[in-house]
J.: 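Just passing along the structure, written as structure tokens.
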Amino acid sequence: MNNLDGIGAKTAPILSVFNLTVGLPLYGDRQFAVEDVNLELAPGKTVCLVGESGSGKSIIGHSIMGMLPSQLKYVNGQIFLKGNLLPEQRDPSYSALRSVEMSMIFQDASLSLNPLRKIRKQLEEIIRTKYSRAAELENFLKIALHNVELTDHKKILNSYPHQISGGQAQRVVIAAALLQEPSLLIADEPTTALDVTTQASILKLIDKLKIKLNLAVLFITHDFGVVAEIADEVCVLRDGRIIEKGETQAILQSPKKNYTKHLIYLAQKLEKKENGYLGKEVLALENLNVVYKSGRFLNVRKTKAVVDVSFSVNSGQTLGIVGESGSGKSSLAKAILLLEQIDSGSIKFKGTDILNLNTLELKHLRRKMQIVLQDPFSALNPRKTILSAISEGPIIHGVSKTKAEEIASRLLRLTGLAKSSSSRYPHEFSGGQRQRICIARALALEPEILIADEAVSALDVSIQAQILDLFKKMQQRFGFALIFITHDLRVARAICDTILVMKDGQVVEKGYANEIFKSPKNPYTKLLLNSAPKSNFGLLDLPN
């Protein structure tokens, strides 16, 4: 076999892919999902597949695992695992290879685990045939969880997926993938939805396991910050083709292709923020507390989700709320929108305490406070056209259908969508386009406060940059106050004027964004900054 551009040159490869080509359905915008892909992967090495959504990264992973969707046609190519040619796609003999010789972990751990079964049962069904005695099986599962740094194995094994954190769930999925000691691990965006400290720990864990188990790791990502942390070698994909590949430092320091330079530049651009216009105060919180209660009678348990939070935000200002999962960010957003019961404190909109408003007054208030959520697909009604989705809000608040549709059409143009898209349905758009639709829908009511709750965390870096630019452009045009909730510090730095850092429901630090990033005072803020993936490579100086 031929070694390709240094990938796998020193040792016999675990994985070899030659001329892989997978066709798209005839109605697609291009002929091939992936075309003439060649790569090799040696034991103890991590190769990152990098590219935007739709570049073919996941299709390569699914092809290796024999899991191509039936509507995609395997056109050409050969895939070898440890020198053996893999069978045709979806061949039953793959069952003897998956988990045993190769495993795959996915982006959303919650979708990889059965919500109706305890973790113990889900791990046992993978490995039970190897152990006839219960004590041996228990000890093996204990070691497997300890390998992924889950020390309280009994608690984890006896929990359902919803009873553990996102980071713990991802560690369980990694443990499950490695139970049968495969030689190849394919990781498809396994840290995208995680906060920075959890992401950092998962990346370190995968790197540690790679060395300990001599694994070959194929890591799929859109984030060059992750690439800088974990990759030995990089393959950059665009429109299904590998356009550039080589050792990580060579790619980061001296990218040859303009597209690669563009992706790296976008990762760096997320570090910059230009100060915008700041108007009058529109929202002020004082000593706000939200307490969740569970159980009943004498067994009521109280969890403090938001603890004595105070801040204010002006029109034209972007306030970033930053913290890990479970820090209280989304609970705070729901409280501002009066979607959570407030235990104590006050929320004032333009000087009026909204906790004392009657039903009619609340209806008028709600059009002034809108939210854009993380997952635009689940936020949109799949049975409604885009025009109907955007015009629905104004119609509810008394605007005529004709006028509402005029507003919707104008906002579609302002958010960069073609007029012809108004009659289409959510599934006919990309993730970035759906998020533009959600922004248009939120702006249809001319809000004075817009809350963006992890609104770009599921998008690749180039789409992130486009959506952040759109938020800035719309804010300049309409003058709303933007409360931007995120776990991604690079995103916060790119868009926020001021930042509020939360931990365990409390504000541990707040101030101007530049000051917090330059000189953080709280140890937790320093931990978040140190845990963030590298993105300032100091390499490219490209024009805006």
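Nothing fancy with the numbering, it's 1 onward along the sequence.
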J.: Using the side-chain contact (heavy atoms from CB on, under 4.5 Å) criterion, which residues pair with Thr385? Sequence neighbours excluded.
T.: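 For Thr385 the side-chain contact (heavy atoms from CB on, under 4.5 Å) partners, ignoring immediate neighbours, are Leu387, Ser388, Tyr425.
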J.: Please evaluate residues Phe429 and His427 with respect to the criterion side chain to side chain contact (heavy atoms under 4.5 Å, CB included), reporting the C-alpha separation (whole Å), side-chain torsions for both, the decisive distance (0.1 Å), and the verdict.
T.: CA-CA 6 Å; Phe429 296 87; His427 71 274; over 6 Å; no
J.: Do you know the tightest heavy-atom contact between Cys496 and Gly320?
T.: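 Closest approach of Cys496 to Gly320, heavy atoms only: SG-CA, 3.3 Å.
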J.: How many angstroms lie between CZ in Arg238 and CG in Leu263, if you round to the nearest 0.5 Å?
T.: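 Rounded to the nearest 0.5 Å, the CZ-CG separation comes out at 8.5 Å.
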J.: Please report the shortest heavy-atom distance between Ile156 and Gln168, naming the atom on each side.
T.: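 Looking at all heavy atoms of both residues, the shortest contact is CD1-NE2, 3.9 Å.
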J.: Quick one, Val47 with Val217, criterion side chain to side chain contact (heavy atoms under 4.5 Å, CB included). Give me CA distance, side-chain angles, the key distance, then yes/no.
T.: CA-CA 6 Å; Val47 170; Val217 179; over 6 Å; no
J.: Is a donor from one side chain sitting under 3.5 angstrom from an acceptor on the other, for Gln180 and Ser99?
T.: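 There is no such pair between these side chains.
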J.: Report yes or no: is the cationic atom of Arg117 (NZ for Lys, CZ for Arg) closer than 6.0 Å to the six-membered ring centre of Tyr160, at no more than 45° off its axis?
T.: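 The answer is no, since Arg117 fails at least one limit relative to Tyr160.
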J.: Minimum heavy-atom separation for Ile321 to Lys329, with atom names?
T.: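 Closest approach of Ile321 to Lys329, heavy atoms only: O-CD, 3.6 Å.
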J.: Less than 4.0 angstrom from a charged side-chain N to a carboxylate O is my criterion; do Asp488 and Arg493 meet it?
T.: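 Salt bridge between Asp488 and Arg493, a charged N being under 4.0 Å from a carboxylate O: no.
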J.: Could you tell me the separation between the CG atom of Asn147 and the NZ atom of Lys142, rounded to the nearest 0.5 Å?
T.: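 Going from CG on Asn147 over to NZ on Lys142, the span is 12.0 Å.
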J.: For residues 452-471, which residue pairs qualify under ring pair (Phe, Tyr, Trp, His ring centres under 6.0 Å), counting only residues two or more places apart or in two chains?
T.: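 Matches after skipping sequence neighbours: Phe471-Phe484.
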J.: Ser63 pairs by side chain to side chain contact (heavy atoms under 4.5 Å, CB included) with which of Val37, Leu86, Val22?
T.: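 Testing each of Val37, Leu86, Val22 against Ser63, the sole residue satisfying side chain to side chain contact (heavy atoms under 4.5 Å, CB included) is Val22.
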J.: With a 4.5 Å heavy-atom cut-off, do Ile119 and Ile164 have their side chains touching?
T.: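 The answer is yes, as the side chains (C-beta and beyond) meet within the 4.5 Å cut-off.
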J.: Grab the two heavy atoms, one from Tyr259 and one from Leu237, that are nearest each other, plus how far apart they are.
T.: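 Nearest pair, atom of Tyr259 first, then Leu237: CE2-O, 3.4 Å.
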J.: To the closest 0.5 Å, what do you measure between CD1 (Ile60) and OG (Ser55)?
T.: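 Answer rounded to 0.5 Å: 7.5 Å.
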J.: How would you list all residue pairs meeting salt bridge (charged side-chain N to carboxylate O under 4.0 Å, His left out) that involve residues 157-180, not counting sequence neighbours?
T.: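 Sorted pair list: Glu149-Arg171.
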J.: Count the heavy atoms belonging to other residues, nucleotides or ligands that lie under 6.0 Å from NZ of Lys45, then report whether that count exceeds 12.
T.: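 Counting other residues, nucleotides and ligands, NZ of Lys45 stays at 12 neighbours or fewer.
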J.: Considering all heavy atoms of both residues, which atom of Tyr74 and which atom of Leu68 are nearest to each other, and what is their separation?
T.: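 Minimum heavy-atom contact is CD1-CD1, 3.9 Å.
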J.: Would a distance-only check, ignoring hydrogens and angles, find a side-chain to backbone donor-acceptor pair under 3.5 Å from Gln122 to Asn114?
T.: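 Yes, Gln122 side chain to Asn114 backbone: donor-acceptor pair under 3.5 Å.
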J.: Ignoring hydrogens and angles, tell me if any N or O in the side chain of Gln78 forms a donor-acceptor pair with the backbone of Ser16 under 3.5 Å.
T.: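 No, the answer is negative, given that no donor and acceptor are paired below the 3.5 Å cut-off.
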J.: Determine whether a donor-acceptor pair (N or O, by modelled atom type, separation under 3.5 Å) exists between the side chain of Asp232 and the backbone of Thr46.
T.: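 Indeed, once roles are kept as given, a pair shorter than 3.5 Å links the two residues.
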J.: Could you work out, with salt bridge (Lys or Arg N to Asp or Glu O under 4.0 Å) as the rule, every residue matching Lys384, not counting sequence neighbours?
T.: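 Testing Lys384 for salt bridge (Lys or Arg N to Asp or Glu O under 4.0 Å), a comparison that skips the adjacent residues, returns Glu392.
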J.: Hey, what do you get for CG (Leu39) to CG (Leu49), rounding to the nearest 0.5 Å?
T.: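 Taking CG in Leu39 and CG in Leu49, the distance rounds to 6.5 Å.
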J.: So, Glu52 and Lys57, do they make that salt bridge, N to O below 4.0 Å?
T.: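 A salt bridge is absent here (no side-chain N lies under 4.0 Å from a carboxylate O).
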J.: Kindly compute the distance separating CD1 (Ile206) from OG (Ser201), expressed to the nearest 0.5 Å.
T.: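 So the gap between those two atoms works out to 10.0 Å.
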J.: State whether the side chain of Thr248 and the backbone N or O of Ala231 hold a donor-acceptor pair below 3.5 Å, judged by distance alone.
T.: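 Yes.
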J.: Start with the C-alpha gap between Met65 and His62, add the side-chain angles, then the distance that decides, and say whether side chain to side chain contact (heavy atoms under 4.5 Å, CB included) holds.
T.: CA-CA 5 Å; Met65 294 294 295; His62 289 136; 5.7 Å; no
J.: Does any donor atom in the side chain of Lys245 or Asn38 lie under 3.5 Å from an acceptor atom in the other side chain?
T.: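 Judged by distance alone, the side chains do not pair up.
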J.: Return each pair, listed once, that meets salt bridge (charged side-chain N to carboxylate O under 4.0 Å, His left out) where at least one residue sits in residues 90-107; pairs must be two or more places apart or across chains.
T.: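 Salt bridge (charged side-chain N to carboxylate O under 4.0 Å, His left out) check on residues 90-107 returns Lys82-Glu101.
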J.: Tell me whether Asn530 contacts the main-chain N or O of Lys526 through its side chain, where contact means a donor paired with an acceptor under 3.5 Å.
T.: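 Answer holds: yes.
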J.: Is the closest basic N to carboxylate O distance between Arg120 and Glu138 below 4.0 Å?
T.: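 Glu138 and Arg120: salt-bridged.
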J.: Quick check against the 3.5 Å criterion: does Ser159 have a side-chain atom that pairs as donor or acceptor with the backbone of Lys155?
T.: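 It does hold such a pair.
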J.: Rounded to the nearest 0.5 Å, what's the gap from CG on Asp223 to CD on Glu229? Could you check?
T.: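 Output value for this atom pair is 9.5 Å.
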J.: Any salt bridge between Asp207 and Lys204, counting N to O under 4.0 Å?
T.: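 Between Lys204 and Asp207 there is no salt bridge, as every charged N stays at least 4.0 Å from the carboxylate O atoms.
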J.: Hey, does the side chain of Gln433 reach the backbone of Ser430 with a donor-acceptor pair shorter than 3.5 angstrom?
T.: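 Such a contact is found between Gln433 side chain and Ser430 backbone.
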J.: Only counting residues at least two apart or in another chain, list the ones meeting side-chain contact (heavy atoms from CB on, under 4.5 Å) with Asn214.
T.: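 Result, side-chain contact (heavy atoms from CB on, under 4.5 Å) vs Asn214: Pro43.
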J.: How far apart are the closest heavy atoms of Ile230 and Lys210, and which atoms are they?
T.: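 Shortest heavy-atom separation between Ile230 and Lys210 comes out as O-NZ, 4.3 Å.
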J.: With a 4.5 Å heavy-atom cut-off, do Leu213 and Leu178 have their side chains touching?
T.: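 The answer is yes, as the side chains (C-beta and beyond) meet within the 4.5 Å cut-off.
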J.: Please report the C-alpha distance between His487 and Ser325 in whole Å, then the side-chain angles of each, then the deciding distance to 0.1 Å, and finally whether the side chain to side chain contact (heavy atoms under 4.5 Å, CB included) criterion is met.
T.: CA-CA 8 Å; His487 64 256; Ser325 299; 5.8 Å; no
J.: Do Ile14 and Leu41 have side chains that get closer than 4.5 Å, going by heavy atoms?
T.: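 No, side chains not in contact.
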J.: Flag the pair Glu244 and Lys257 as a salt bridge only when some basic side-chain nitrogen lies within less than 4.0 angstrom of an acidic carboxylate oxygen.
T.: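 A salt bridge is absent here (no side-chain N lies under 4.0 Å from a carboxylate O).
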